[in-house]
Amino acid sequence: MKGVLPPEAKVSKSAKETMQECATEFIGFVTGEASERCRRERRKTMNGDDICHAMKSLGLDHYAGAMHRYLQRYREGEELAAALNNNIRAPPADDDMIQIDVRAQLSISRGQEKHGRN
């Protein structure tokens with residue numbers, strides 16, 4: 001919450017608790033709708049697509065679009081990490097191989113995008 005407020009702004013404990021209750025209710029509302037879809041389709045596992053569909057069903061199209069874009073980028077990142085990790089072979093004889101933690105790099109990149117640096 002503090003990230004979007006001016007530095008001098010103060011938030012009361014009551015306001016923080018109220019926001020937490022609202023967030024919890026919102027999550028329950030959306031996941032309840034997604035769970036219902038899974039039940040109708042006789043599936044036991046809910047996924048990100050179910051959440052996006054639930055948001056659209058509930059009239060939260062703007063949020064559904066944002067969630068869908070995030071989900072696509074997340075999946076692309078996971079695929080990239082898997083591909084890069086699967087391509088790591090035995091080090092060459094001279095041991096000059098450099099290993100990169102792709103997940104850490106993705107975290108750094110996401111943090112920069114969040115702050116408008118990329």
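None of the values given here were measured: they were computed from a predicted structure.
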Side chain to side chain contact (heavy atoms under 4.5 Å, CB included) with Phe26: which residues, sequence neighbours excluded?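 For Phe26, the residues satisfying side chain to side chain contact (heavy atoms under 4.5 Å, CB included) (neighbours in sequence not counted) are Val30, Met55, Leu60.
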Apply salt bridge (Lys or Arg N to Asp or Glu O under 4.0 Å) to Glu41 and list each qualifying residue two or more places apart in sequence or on a separate chain.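 By the salt bridge (Lys or Arg N to Asp or Glu O under 4.0 Å) rule, Glu41 matches Arg37, Arg43.
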Among residues at least two apart in sequence or on other chains, which ones pass salt bridge (Lys or Arg N to Asp or Glu O under 4.0 Å) with Asp49?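 So Asp49 forms a salt bridge (Lys or Arg N to Asp or Glu O under 4.0 Å) with Arg75.
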With rounding to the nearest 0.5 angstrom, report the CG to SG distance, Asp50 to Cys38.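 Nearest 0.5 Å value for the CG-SG distance: 3.5 Å.
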Going by side-chain hydrogen bond (donor to acceptor under 3.5 Å, both in side chains), name the pairs with one or both residues in residues 24-35, residues two or more places apart or in two chains.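 Of all non-adjacent pairs touching residues 24-35, those that pass side-chain hydrogen bond (donor to acceptor under 3.5 Å, both in side chains) are Gln20-Thr24.
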Considering all heavy atoms of both residues, which atom of Cys52 and which atom of Ala64 are nearest to each other, and what is their separation?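 Looking at all heavy atoms of both residues, the shortest contact is O-CB, 3.6 Å.
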Please name the pair of heavy atoms, one in Ile51 and one in Met46, separated by the smallest distance, quoted to 0.1 Å.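 It is CD1-SD, 3.7 Å.
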I'd like to know if Leu58 and Met67 are part of one continuous hydrophobic network [Ile/Leu/Val/Met/Phe/Trp/Tyr, side-chain heavy atoms within less than 4.5 Å]. yes
Partner set under side-chain hydrogen bond (donor to acceptor under 3.5 Å, both in side chains) for Glu36, not counting sequence neighbours: Arg39
With sequence neighbours excluded, what pairs up with Thr45 under the side-chain hydrogen bond (donor to acceptor under 3.5 Å, both in side chains) test?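 Per chain and number, Thr45 pairs via side-chain hydrogen bond (donor to acceptor under 3.5 Å, both in side chains) with no residue.
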Just by modelled atom types, is the Ala83 backbone N or O under 3.5 Å from a matching donor or acceptor in the Asn86 side chain? no
